[in-house]
Every structure is written in structure tokens, then in C-alpha cells.
Amino acid sequence: GPDSYKIPSFEGYTKDDSSVETDKSKVFSYFMLGASGAVLASAAQSSVHGFLVNLAASADVLAVSKAEIDLSSIPLGESITIKWRGKPVFIRHRTEHEIQVSEAVPMSELIDPQPDSDRVQIPEWLIVVGVCTHLGCVPIKDAGDYGAYYCPCHGSHYDFSGRIRKGPAPLNLEVPQYNIDGNIATIG
Ligand code: FES
């Protein structure tokens, strides 16, 4: 019957000013909604941040991040391999001849042009990460067309400055951070 069209009274539940100032109440509602969104966003940010920090190196990993080598134990013309941060590092005691040929290469002949002087601190000592810049194999010392390092995986040839000269590798062997003090080289 017609009785079902009668709207029940909500007087006890509505705000007193709802008929006139609807904007005011909307501003309040949206403000509350926005504020809870902001809290969520910052909670999400801090938990993502915490997760990424967990993926970063832990204290025991950072503890072995430096390596010390006594250079006087490496004979002239020898390249030794040490392990640093889980990677091989080549340390070569370069001969006068190896220094001269490295310095004489014109930049135009290089795939990744870099003067030898930018890659060594002391000409006698070449220190490079022994990881081929192609797909990460470990090059062999005293091998290849340039006599220094040769990567057997796909045939990349590196010179006495650790620069890529021939083959698929796009970049020179990486020079790690290091410091030489007297006979002691500290890598890292
Ligand atoms: S990984 Fe060294 S040539 Fe491919």
C-alpha cells in the first residue's frame, strides 16, 4: 500500500547541518580518507626500504670487502690471481716492455678507448678484475694475441693494460678501487 513509500525518520542519525553545509562534511571525509592513504604509503615505503636493505650486503660480507697483497712476492712479468669479494683479481708485475707497448697503443685501435695511464696508478702494477666483460668468464693469463689475457669462453683478447682488443667483450677489464703503499696493495 501507500504506506511503503513513507521514508522512515533518520533524524537521530544525521548531522544537524547536513542539509545546508554538505561541502564541509565532504572536506572532512576526504581529509580522513587522504590521511589514512598517506599512513599506508609511508608504511609501504618503510617496509620496502627494509626489504631492500636486507638484500644488501650483511656485516660478515662487508668484513671481507678489502684484500691486502704483498707486492714484493710477485716476480717481474708474473700475473697472480687473488680472490676479492668472490671475484678473481689479476695483479700483474709488468715488465718495461709490457709498459711500453701498453702506453704506445693509439686510442683509435681500441674498442673501449682508455689510455694506459688511466688504468694504472704505478706503471709496474696492473690490477684488474679478472672477469671477462662479455659474459663473465675468467680469462687465462699469458695467452691470446696480445700475450696478456685471453677469455676461452668466446675468444676475447685483452692486452697488458687489461683492455679489450679483439673478440665479443664490449669493455676493458674493470679496474677495482685500490691503494698502493710501499709494497702493500690494498684492494677495495
Ligand atoms: S665470456 Fe669472455 S668472451 Fe664471452
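Note that ligands are numbered from 1 as they come in the structure, with each ligand's atoms numbered from 1 the same way. Since we're looking at a predicted model, the values are computed, not measured.
Ring pair Phe90/Tyr149 is parallel by interplanar angle, where below 30° counts as parallel and above 60° as perpendicular.
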Please step through disulfide (SG to SG under 2.5 Å) for the pair Cys137 and Cys151, ending with a clear verdict.
CA-CA 7 Å; Cys137 289; Cys151 181; 4.6 Å; no
Could you go step by step and tell me if Val131 and Leu173 meet the side chain to side chain contact (heavy atoms under 4.5 Å, CB included) rule?
CA-CA 7 Å; Val131 173; Leu173 295 179; over 6 Å; no
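Between Arg92 and Asp142 there is a salt bridge, since a side-chain N of the basic residue sits under 4.0 Å from a carboxylate O of the acidic one.
Protein atoms of type N/O/S that fall under 2.8 Å from atom 4 (Fe) of ligand 1 number 2 in this view.
With Trp125 contributing its side chain and Arg94 its backbone, the two residues share no donor-acceptor pair below 3.5 Å.
When the side chain to side chain contact (heavy atoms under 4.5 Å, CB included) test is applied to Lys83, no partner is found at least two apart in sequence or on another chain.
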